[in-house]
Amino acid sequence: MANDFDLEKTLWAAADKLRSNMDAAEYKHIVLGLIFLKYISDAFNDLYEKLKNGKGEFEGADPEDADEYLANNIFFVPEKARWQYLQDRAKQPEIGKWIDEAMDAIEKINISLKGVLPKIYADPELNKQRLGELIDLIGTIGFNQSGHKAKDLLGRVYEYFLGQFADAEGKKGGQFYTPACIVKLLVAMIEPYKGRVYDGCCGSGGMFVQSEKFVEEHQGNIKNLSIFGQESNPTTLRLAKMNLAIRGIDAKIELGDTFLNDKHKDLKADFILANPPFNVSDWSGEQLRDDIRWKYGVPPVGNANYAWLQHFAHKLSPNGFAGIVLANGSMNSNSSGEGEIRKNMIEADLIDCMVALPSQLFYNTMIPACLWFLSRNKTDHGRGRVTLPLQRNRVGEILFIDARNLGTMINRRNKDLTDDDIKTIADIYHNWRNKEGKYEDKAGFCKSATLEEIRNNNYVLMPGRYVGTEEEIDDLPAPRPNTFYVYAIKCDNDSIYIGQTDNLIRRWKEHRDGKASDWTKKYKPLKIVHYEEYSSREKAVEREKELKTTSGRRWLKDEIEAGRARQAGGIPFDEKMNALTAKLAEQFSKSSELEKTIKVNLKSLGYKI
């Protein structure tokens with residue numbers, strides 16, 4: 001697997017180099033279109049050779065008969081559209097025109113691909129030499145492999161490139177791509193093994209691809225899944241259709257606005273996986289005030305979060321599950337009636353689990369996100385399938401998981417959930433949900449709360465409120481690259497424990513769980529009463545040693561007693577006010593200078609104030 005991943009990275013580096021000055025948003029269609037063409041050509045060639053040899057079930061078959069390929073769920077590729085034909089001519093100046101013609105010929109003979117494939121290669125501004133080099137590069141994918149392994153590799157390359165293009169495009173990239181780790185977590189949690197799967201804002205189809213992988217990994221049959229999706233952006237829809245075709249996934253994905261023109265109006269889905277755009281204000285809500293979907297309350301015109309939640313709730317079958325990505329604000333917002341909608345959903349016992357995600361997982365936004373898991377039936381007969389464990393009665397309970405401290409930085413901007421992180425979260429949920437599961441609350445990480453507890457917390461659904469971390473941890477700084485902390489903890493015997501770390505939130509949880517030191521295991525840690533930030537481990541270690549000396553402890557004690565220590569809760573009031581007044585003085589000074597300059601300029605024009 002590591003070698004395959006290295007191959008994907010190598011291919012991306014080479015393809016990105018060929019991009020030169022072209023915008024990533026345009027280049028992705030050129031690259032992904034060619035990968036798709038290579039995939040369907042390879043799949044065609046595999047069957048072509050079997051038909052040509054005419055052995056066994058293929059005896060007497062015509063390798064040029066399009067119906068033979070249709071019967072085997074393979075796209076028929078006309079002779080002049082086949083990869084080898086085009087690669088042999090990759091260095092010729094007409095290559096762009098020939099690729100466009102190839103795409104057109106494939107669409108004409110394969111109705112399901114009509115309007116899907118890019119026909120942009122003849123563009124005079126596209127460098128044909130670089131295009132030829134790109135064709136040669138993509139031609140190496142799966143070159144030394146055959147059959148299913150080569151096609152699977154092409155699928156992984158397509159998926160990897162989607163993620164890289166999303167990263168390159170930044171904010172726009174989030175419109176068509178959900179980070180793979182979040183998709184994996186959603187699928188691992190709700191386990192879409194058999195039934196109808198729906199995504200009303202499906203982007204490039206990542207939720208469906210991961211659902212198929214889940215079925216394969218659990219020795220299921222992909223034919224037992226029915227895929228339904230909708231996407232409002234026609235360009236993104238084409239990416240999705242190619243992505244699913246590469247995987248051999250038969251899906252009913254429609255173009256249109258999900259709120260104004262639901263193309264699957266009568267669908268009741270067994271599983272819903274979705275990452276709708278966060279906090280959208282222009283969702284045409286003013287046209288939908290009396291919509292049947294608003295069972296729990298009419299969502300505000302200025303924010304679509306609760307419109308999405310209720311749309312998906314409306315789509316659930318009697319035993320259906322949904323996993324939805326939303327902005328953190330959805331868990332505690334009370335503006336424009338959102339709090340009342342959330343209260344009604346909670347009282348209807350629709351919410352099964354809430355997960356607070358780490359920051360920096362998304363390419364397109366720094367807004368913190370969470371996962372909502374909805375279950376239409378929380379009684380002990382909510383699933384009842386032989387293939388997966390039976391569920392216990394969870395009526396009147398909601399599981400809260402605070403995963404904000406999980407994940408690993410993969411570059412300076414972004415974090416990723418590891419496979420172990422995903423397993424940890426999913427296992428907690430399954431142990432809580434399933435009849436044979438062995439679940440226990442874990443301070444600082446997970447808590448099974450009753451409806452009464454949630455009522456007492458004014459229907460706020462932030463996990464930190466329930467797992468015991470909100471007051472202590474929400475005020476602590478999130479881990480950052482090249483930042484180290486020296487900290488002091490007050491224990492229940494009035495002693496002060498001093499230490500250093502690169503992750504203050506994680507270290508505090510370890511102290512609370514009795515896993516950080518023998519001292520805080522023996523004497524209960526009450527609160528972080530002081531912390532300092534440093535730019536290197538060496539400086540932090542040196543400062544830790546200073547504070548542990550007699551004079552250092554005396555200084556720290558004086559700072560804490562005088563209220564000057566930097567505690568969990570931020571900067572002391574006096575320090576804040578000093579910083580604020582200094583800033584205001586600076587601004588007043590600049591304002592005075594600006595006023596003088598304006599007066600001088602006006603005077604030079606003959607005007608006087």
Side-chain angles (χ1 to χ4, degrees), residues 32 36 39-40 43 69-76 106-118 155 158-159 162 175-178 183 186-187 190-216 220-277 292-293 308 311-324 376:
L32 296 175
F36 179 79
Y39 170 83
I40 64 169
Y69 297 86
L70 183 63
N72 286 275
N73 200 28
I74 298 290
F75 294 111
F76 181 81
I106 290 168
E107 283 191 355
K108 283 178 179 175
I109 205 164
N110 299 280
I111 304 302
S112 63
L113 293 176
K114 187 175 181 180
V116 172
L117 305 184
Y158 188 97
E159 191 177 350
L162 270 174
Q175 296 172 4
F176 65 85
Y177 184 80
T178 302
V183 180
L186 284 169
V187 171
I190 71 170
E191 302 177 303
Y193 191 83
K194 181 181 181 181
R196 298 173 297 275
V197 180
Y198 171 71
D199 184 352
C201 42
C202 68
S204 54
M207 302 289 186
F208 303 138
V209 170
Q210 190 59 38
S211 296
E212 181 236 18
K213 288 180 182 176
F214 175 83
V215 172
E216 288 184 346
N221 188 340
I222 188 62
K223 292 181 180 178
N224 289 333
L225 279 188
S226 300
I227 305 293
F228 300 87
Q230 188 161 338
E231 172 56 45
S232 62
N233 185 312
T235 303
T236 302
L237 181 73
R238 289 195 288 272
L239 290 176
K241 288 193 171 184
M242 287 194 289
N243 194 14
L244 297 178
I246 277 183
R247 297 287 182 176
I249 299 174
D250 185 22
K252 296 178 180 67
I253 303 180
E254 304 291 344
L255 178 66
D257 184 302
T258 300
F259 290 129
L260 290 177
N261 186 15
D262 183 1
K263 294 294 183 72
H264 303 289
K265 211 157 195 172
D266 298 324
L267 174 70
K268 294 299 179 183
D270 301 299
F271 304 100
I272 293 175
L273 299 144
N275 174 25
I292 192 175
R293 290 170 287 188
W308 283 115
H311 170 77
F312 293 128
H314 179 74
K315 286 289 185 190
L316 282 176
S317 69
N319 291 327
F321 286 88
I324 304 154
R376 183 60 78 186

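Fair warning: this is a prediction, and the values are worked out from it, not measured in the lab.
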Please walk me through it: do M207 and N275 pass side chain to side chain contact (heavy atoms under 4.5 Å, CB included)? CA-CA 9 Å; M207 302 289 186; N275 174 25; 4.0 Å; yes

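We find the NZ-CG distance between K265 and L267 to be 13.5 Å, quoted to the nearest 0.5 Å. One distance of note links CD of E191 with CG of L186; it measures 13.0 Å at 0.5 Å rounding. One distance of note links CD1 of I227 with OG of S211; it measures 5.5 Å at 0.5 Å rounding.
When each of T258, L273, I324 is checked for a side chain to side chain contact (heavy atoms under 4.5 Å, CB included) with F312, only I324 meets the rule. When each of R293, K315, H311 is paired with D262, the side-chain hydrogen bond (donor to acceptor under 3.5 Å, both in side chains) condition holds for K315 and for no other.
In this structure, G205 and L244 approach most closely via the heavy-atom pair O-CD2, 4.0 Å. Of all non-hydrogen atoms in L225 and E212, the two that sit nearest each other are CD1-N, 4.5 Å. Here the closest non-hydrogen pair linking L255 and K263 is O-NZ, 2.7 Å. Of all heavy-atom pairs between A245 and Y39, the closest is O-CE2, 3.7 Å. Contact between R196 and S317 at its shortest, heavy atoms only, is NH2-CB, 4.0 Å. Residues I190 and I272 come closest through the heavy atom pair CD1-O, 3.8 Å.
Between F208 and C202, the closest side-chain pair of non-hydrogen atoms falls below 4.5 Å. The closest side-chain heavy-atom distance from P192 to F321 is not below 4.5 Å. Looking only at side-chain heavy atoms (C-beta outward), F36 and L113 come within less than 4.5 Å of each other. A 4.5 Å side-chain heavy-atom check between D270 and N319 finds every atom pair outside the cut-off. Within the 4.5 Å cutoff, no side-chain heavy atoms of L70 are placed close to those of F76. At a threshold of 4.5 Å between non-hydrogen side-chain atoms, the residues K252 and Q230 do not count as touching.
Between the D257 side chain and the F259 main chain, a donor and an acceptor come within less than 3.5 Å of each other. A donor-acceptor pair under 3.5 Å links the side-chain atoms of N233 to the main chain of T235, judged by distance alone. Within the 3.5 Å criterion, the main-chain N or O of S204 finds a donor-acceptor partner in the side chain of N243. Checked by atom type and distance alone, the side chain of E231 never pairs as donor or acceptor with a backbone atom of I253 at under 3.5 Å. Side chain of R376 to backbone of A313: a donor-acceptor contact under 3.5 angstrom is found.
Other residues, nucleotides and ligands contribute only 12 or fewer heavy atoms inside 6.0 Å of the CG atom of D250.
Evaluation of the salt bridge (charged side-chain N to carboxylate O under 4.0 Å, His left out) rule for K241 yields no partner, not counting sequence neighbours.
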